[in-house]
Each structure stands twice: as C-alpha cells, then as structure tokens.
Amino acid sequence: MTGTAIRIAVIGSAGRMGRMLVDVIHRDGGAVLSAVVDRPGSDVVGMDAGELAGIGAVGLPVTDDPATAVAEADVVIDFTLPEATPAVAAACRAAGCALVLGTTGLGPREQRAVENLSEALPVVQAPNYSTGVTLLTALVEQAAAVLGHSVDVEIIEAHHRHKVDAPSGTALHLGEAVAGATGRDLSACAVYGREGHTGPRARQTIGFETIRAGDIVGEHTVLFAGEGERLELTHRASSRATFAAGAVRAAHWVVGRAPGLYNMRDVLGIGGHASGER
Ligand code: NAD
C-alpha cells in the first residue's frame, strides 16, 4: 500500500457482491478498505468483514452507520437494495465522497437521488460492471444500427434464484441500446413475456425473456432474427469476481473526476454514446 491508496467504503458488505468486493479490495495494493456497512439490525453487524468474505480477519468490523463510513472514504461502492440508495447518496453528498453504484432495480425516486448527487460529485452507475458486458452493449448498438427494423429483437437473460428484480438491469440496458440505435422508445415497445393468444409478433417490439434458476451468475443474449439468418450476441458471467473487479476499477477511475453521471463505458474509454447515459 502507498500513501496515494484510495480509501473505499463498501455498503452491503455481507451480500454476495459485498463479500467479493471485500476480497478484491483487500488484494488491491492501490486501495484500502476503510469501512464496511450492512443493513441496520443485520446479524453481521460487528462481525469482521474478512471473516465474512472467507479471507480471514482483516480487523474491520461491519457497521450499520453509512454516514460515518462515507465520511472516512474517498469513494463508496454500493451493491445493496434500491431502498438504500437515497440514504447512501445523501451520505456521499454530505461527505463529498464519490460513488460507484451497482444496485439495480432503482425506481424513479432512487434514480433522482443518484442524478441529484451527480450534479455535485462524480458518480459511476452501471447495471453491469463486467468488461465483457460493457463491450456487448457497444456491439449490440452496432448490430442494431446496421440491422435496423429488418429483424426481430429478443433479449434473453438468466440469473440465480435469489435475484429480486426482473428483467435484469443489464437486460433493460441492452434494450435501451437497441432502442436508441433504432430510434425506438423502449417504454413503448418492450414486451415482458408472452402468454395465451398473443397474435403475430409486431416487428417494432423488443421482447424480454427472464430465467431465474439455481446459481446462474448472469447470462444475457441479444437475438436479432431476420429472414434466413439470425445473429446472437451472448455474454456469460461465471463468477461475480468480474463485477467486483470492474467496480473497483471504476472506483479508482472516479476519484478526483469532475461531477457527473458516468458509466462503465466511460471507465473503459469505449466511446460512441452520450455522456451521462447509464
Ligand atoms: P445480496 O442480497 O446478496 O446482498 C445485498 C446486501 O445488501 C445484503 O448483505 C443486505 O443485508 C445489504 N443491505 C440491504 N439493505 C441495506 C441497507 N439499507 N444498508 C446497507 N446494506 C443493506 O445481493 P447481491 O447479489 O450482492 O446484489 C446486490 C445488488 O447488486 C442487486 O441490486 C443486484 O442486482 C446488483 N448487482 C449488480 C451488478 C453490477 O455489475 N452492477 C452485479 C451483481 C449484482
């Protein structure tokens, strides 16, 4: 560790992603895990974050106090629930701390809290921090722009049985990428599952199919089906380590940036999209 190491606070440190983040940050020579926070009333409050992550004690107990944790950090990484987002954003604002937000399924109120924060401080928000999915989004935009309205587009995603939101934030983001590249409004053309007498498919719709099963880490396919051929672009995550590594990379990138709402394409330097796009 050097004097320039960034201090990272992890919110949701007992979760599947939180434990992975504790492990990745602990092994990062350029970062210090400065605080770990979980839900008030959780059994894990007071437990050692390293013990929870399965890497042995790191001497940092889990707290339930985001304000204090954020005050001692350069950047916060939050992978929790949407309900937590406004309080985390408020703590970041009060402390002047950057935010890397991984939580998905935000409603309009929570999204507004993120956007308000980004007017004062740098925020990275991405529904998927993996490098592969960030590239997938760029490839999907390219394919959609070329294929236009000559194909039917369907987005198929699969996740583990514990995931609470559907479709996944990544699937919706891929849908936005297709809609943006073909001049469509996703809220007007999305179809979430089909049942019964649906009639023939309308070309302008973008269909979503959701699978929830077992321990699937995360799989996304964008299917472009035309007459005589189809193109399928697929990403499969086999470990949450990819999301954690991407979020920590985003944390290093965002500290010291100008205020704004950034995404993973900004972090990776893959252009071709409006700044502020999620
Ligand atoms: P999880 O249920 O395993 O963990 C969530 C953790 O947050 C739990 O420990 C819970 O106690 C804690 N928590 C809940 N409310 C809290 C609060 N108010 N304050 C502090 N902690 C609180 O879930 P997970 O699989 O780790 O996923 C968490 C979130 O991250 C979900 O929204 C998921 O969709 C998202 N996710 C995003 C990416 C990405 O790359 N952006 C990747 C994986 C998961």
Side-chain angles (χ1 to χ4, degrees), residues 9-24 35-47 49 51-54 62-70 76-92 99-107 110-111 113-114 123-137 157-174 210 212 214-220 235-251 254 262-265 267-268 278:
V10 173
I11 319 279
S13 52
R16 283 173 286 264
M17 278 304 301
R19 282 175 278 148
M20 193 61 81
L21 283 161
V22 167
D23 182 12
V24 170
V36 282
V37 180
D38 212 279
R39 184 174 47 78
S42 166
D43 291 347
V44 302
V45 172
M47 288 176 65
E51 299 276 10
L52 271 172
V62 177
T63 79
D64 58 3
D65 174 14
T68 307
V70 171
V76 169
I77 303 181
D78 177 346
F79 282 71
T80 57
L81 287 173
E83 296 89 286
T85 306
V88 171
C92 286
L99 174 64
V100 171
L101 185 66
T103 304
T104 62
L106 269 57
E110 290 105 15
Q111 187 57 38
V114 175
V123 176
V124 182
Q125 181 183 22
N128 195 307
Y129 280 90
S130 96
T131 304
V133 163
T134 308
L135 279 168
L136 173 67
T137 311
E157 62 104 336
H159 282 87
H160 53 89
R161 64 198 311 281
H162 304 287
K163 184 163 177 62
V164 294
D165 54 321
S168 71
T170 302
L172 291 170
H173 188 62
L174 291 166
T210 295
R212 292 288 175 266
D215 62 355
I216 301 169
V217 173
E219 302 185 357
H220 294 88
H235 177 270
R236 293 193 179 91
S238 49
S239 161
R240 287 181 183 81
T242 184
F243 310 129
V248 173
R249 181 171 176 166
V254 79
Y262 302 101
N263 62 24
M264 203 49 191
R265 282 167 79 167
V267 173
L268 296 181
R278 278 181 297 127

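Ligands are counted one by one from 1 in listed order, and the atoms in each one are counted from 1 as well.
Within the 4.0 Å heavy-atom criterion, both parts of Phe79, backbone and side chain, lie near ligand 1.
Side-chain N or O atoms of Glu157 include one that pairs as donor or acceptor with a backbone N or O of Ser168 at under 3.5 Å. The closest donor-acceptor contact from the side chain of Tyr262 to the backbone of Ala250 lies at 3.5 Å or more, if one exists at all. Panel note: side chain Thr242, backbone Ser130; no donor-acceptor pair is recorded below 3.5 Å.
Counting heavy atoms only, Arg39 comes closest to atom 19 (N) of ligand 1 of the residues Arg39, Met264, Lys163, His162. Considering each of Leu81, Val217, Thr80, the one bringing a non-hydrogen atom nearest atom 29 (C) of ligand 1 is Thr80. Among Ala69, Ser168, Ser13, Ala84, the residue whose heavy atom lies closest to atom 17 (C) of ligand 1 is Ala84. Relative to atom 10 (C) of ligand 1, the option among Thr242, Val10, Asp38 with the closest non-hydrogen atom is Asp38.
Asp78 and Thr80 share a side-chain donor-acceptor pair at under 3.5 Å.
Distances from ligand 1 to the non-hydrogen atoms of Pro127 include at least one value under 4.0 Å.
In terms of protein heavy-atom proximity, atom 43 (C) of ligand 1 is closest to Met17 CG, 3.6 Å. From the protein, the heavy atom lying nearest to atom 34 (O) of ligand 1 is Thr104 OG1, 2.7 Å. Taking atom 2 (O) of ligand 1 as the reference point, the nearest protein heavy-atom neighbour is Arg16 NH2, 3.5 Å. Closest protein heavy atom to atom 35 (C) of ligand 1: Gly102 O, 3.5 Å.
The shortest N or O to N or O distance between Val37 and ligand 1 is not under 3.5 Å. At a 3.5 angstrom cut-off on N or O pairs, Arg240 does not count as close to ligand 1.
Checked against Gln125 for a side-chain contact (heavy atoms from CB on, under 4.5 Å), the options Val100, Leu106, Leu99 give a single hit: Leu106.
Taken to the nearest 0.5 Å, the CG atom of Asn263 stands 7.0 Å off from the CZ atom of Arg265. The CG atom of Leu174 lies 10.5 Å from the NE2 atom of His235; values are rounded to the nearest 0.5 Å.
With respect to the salt-bridge test (charged N to carboxylate O, under 4.0 angstrom), the residues Arg19 and Glu51 do not qualify.
Close approach of ligand 1 to Ile11 is summarised as follows: ligand atoms under 4.0 Å from at least one heavy atom of the residue are 20 (C).
Taking the ring centroids of His159 and His220, they lie under the 6.0 Å cut-off.
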